[in-house]
Amino acid sequence: MKTQILIAALFFGGLVTAQQKKDSLKVNAIDAVNIKKQVFKKQGDRLVYDVASSSIAKGTNTFNLLKQTPMISSIDGKTLKILGKNDAIIYINNKKTNMDSEALIEMLKSTPSEDIQKIEVITVPGSEFQVESKEGVINIVMKKSKNNGYNGTLKMQNEQAYYNNPNAGASFNFRQGKWSGNSNFRTGSWTDRQRYTLSNGDPTFRNESYGFNDDPNKTLGGGFNIDYEINKKHSLGFSYNMRYNKSFNSVLDITNWQNGVLNNRTVNHEDAQTRNHSFNLNYEMKTDSLGSKLTSNVSYLWFNRDKVSFNESFPLDNNPENNYSALHQSVPQIINNYAANIDYLKKTAKGATWLMGVSYNHTNTDNDTQQDKLKNGEFVIDPNQTNHFIYKENILGIYLNYERKLTEKLSGKIGARYEMTRSTGDILGKTGFERNYNNILPYLNLNYAINSDHNLSYTFSSRIRRPRFWELNPSRTYFTPTNYTQNNPFILAAKFYNQELNYMYKNAFYANLSFNMVEDAAASDLIPLQGTVTAPKRDANGNIIYDGSGNAITETTRFLRYIRTNYGKNRELALTLGMNKSWFKEIWTTNYSVNLGYVTYTGGVWEDPTSMPAPGETEVVEPYIINVKNYNMSATINNVIRLSSKKDWFLGVNYFFASQTAMEGGMIAARQSFDFNVKKIIGDWTIVAEVSDLFNQSFYSIKGVQPNGKYNNITNFNYPRLMSIGVTYNFGNQKLKKAREMKSANDAVKSRT
């Protein structure tokens, strides 16, 4: 309760202070200057944060700058959220970035904030954006200068969580006449430590598991982008990005208890490596002096992940019927994607804008899963879990937008996107499916500037969410032999309908009311299915045991299977109140927001579509009923304090709180995080020391209980406290214009790898 009172006091205290009357002419003059700058303002379908007019944008990197941007937050230092709930897709100069998510975050952390002109937050993107579900867009607009020359950034950082992890990166930009380009390189190591507590059962049975996972990772990544201005109307560009990740000797060690009795210990050793290469060829032609242009892209993506594991279970209860068991597993995945798109942007003399385009994606995924299990002292193929899955997908998209200013105060944007999807899945020698569907996805935005102090806008959008390619691969990831996650090749695309009403006051205070509907919803978390398998009992050599009458003796084994599948529908109503304002001649900059939400999840899972029992086995799955209604709230409080008149010392103090929140798989316990950092600028050098989640309180703990009394609880403690120190050096001409960023034709596919 004290936490909520503190949040309310800080937030609404800021509102009251902002409304206090100024008595002196000197203060009024300062206010006039701040309004003229318009650091934060509503513009059409987006909210614009004018970084060049903000004092906090000096001597930091783009990722930290985004965390200080209104409506954007990050609690884990690895992902960005909009309004505390929507995933963020990054665009640079209105073109989607051409790299995977982890490489993108590293790029943002190595890009100097001085290169940024403004940040645009689009909570409900238009038809021209390649996004899914309720994803929002962050568009980073770079500063422009025609200067020739070069610049770059070198960065070294050391992070201490449970383990110590160093990393380094470099970026280089150049411009000379008609040629321009940029490149980046990064490398680092990270060993992730997680501690698990798992419990499940019903009023008559309980299973408890305790253990840890050490996952060492080494990453190497980079890429380059080169652009040639053929003449004032024609430009040609090429980009390449790669990432290699190696995780060898990842160890999961779990001890299991049944009904309070020590049962067994499971140890899983895993080696995995991922390779990702993407290429894009871009051509742009300017068709008039108003800004009209034709843009085309041809792209290729190759993704390969190899994973092999060895899972052993050791009996610990001295029961002679409990035997040592083991299995080998190999789960490779290869993705090839070919894509192309053509966009035509037409601007008219009356200020209207037309955008029309067509895109095509062809994707082929190859998943050849092999699994052996120990039988009679030898490893033999497990036919139930060995499969070769081929998935092919073709998507044709056609989109059209029209945008114009209707009156002096009213502007609008209307559009639609038509997508035709044709896909096939074949589990060779077992089963297959064909899935074809068409979607018309409308979009509408109306923006009304009531006066200089008040702005009101409404947005509607429809989207779909296709399953990620790794979610379709019908393989398992084992915690124990009877506790595992199961992917699902039969999962359907979900349909999203998003509405939003946004109000802004004096370019500093905002309120955002949103309502989202989802049909054919698939769980954002995994659905825990409990059940039993009844099979003939076997001896140590794998032979069936018979009774005196010659009948096979059977035994029943309980399992807990976490599955990705569709379950029904959900609804979400959310209100966000926010403030972004500077105080005391910009010595203190505040960015506060409070999110209030009400969600409902309705549906259920009555069978496992992936279930294929072996001959002689009988499987029974307990129905999983979803009927959840939940109120929740979260708050973000960010403060930047300038400690010196020279603007070379800064203190950051941040706090995040999320109340208990319902998900399809259960109730997530409350989380909070207190962070602080100190920044020192010395010429071209910047030194930053940070502590994230000082009190180790942002880990996940989930509890789920069914109407029939079955329960499933998970605590995943990932040692979130992180201490780091980083040194960044910027060299060269920092006013150099960046090379032309190019949108890749396979942007939507990259997010699904």
I'd like to know if Lys178 and Glu229 make a salt bridge, using a cut-off of under 4.0 Å between side-chain N and carboxylate O. no
What's the verdict on side chain to side chain donor-acceptor pair (under 3.5 Å) for Ser701 and Thr715, showing C-alpha distance, side-chain angles and the deciding distance? CA-CA 4 Å; Ser701 181; Thr715 298; 3.2 Å; yes
Check for a donor-acceptor pair, side chain of Asn696 on one end and backbone N or O of Arg721 on the other, with a separation under 3.5 Å. yes
Hey, is the main chain of Ile119 close enough, under 3.5 Å, to the side chain of Asn139 for a donor-acceptor pair? no
When the ring planes of Phe469 and Tyr391 are compared, do they come out parallel, tilted or perpendicular, using 30° and 60° as the limits? tilted
Determine whether a donor-acceptor pair (N or O, by modelled atom type, separation under 3.5 Å) exists between the side chain of Asn165 and the backbone of Thr191. yes
Quick one: does Asn148's side chain have a donor or acceptor within less than 3.5 Å of a partner on Gly177's backbone? yes
Under 4.0 Å between a Lys/Arg side-chain N and an Asp/Glu carboxylate O for Arg193 and Asp214? yes
Against Asn487, only a single residue in Arg476, Arg468, Arg564 fulfils side-chain hydrogen bond (donor to acceptor under 3.5 Å, both in side chains); can you say which? Arg564
4.5 Å side-chain heavy-atom contact, Trp649 and Val678: yes
Presence of salt bridge, Lys246 and Asp271, under 4.0 angstrom: no
Which of parallel (below 30°), tilted (30 to 60°) and perpendicular (above 60°) describes Tyr91 and Phe129? perpendicular
In terms of the angle between their ring planes, are Phe238 and Phe224 parallel, tilted or perpendicular, with boundaries placed at 30° and 60°? tilted
Between Glu132 and Arg465, does at least one N-O distance fall below 4.0 Å, as a salt bridge requires? no
Parallel, tilted or perpendicular, judged at 30° and 60°: which one describes the rings of His234 and Tyr283? parallel
For Gln68 and Asn580, work out which heavy atoms get closest and say how close. O-ND2, 4.3 Å
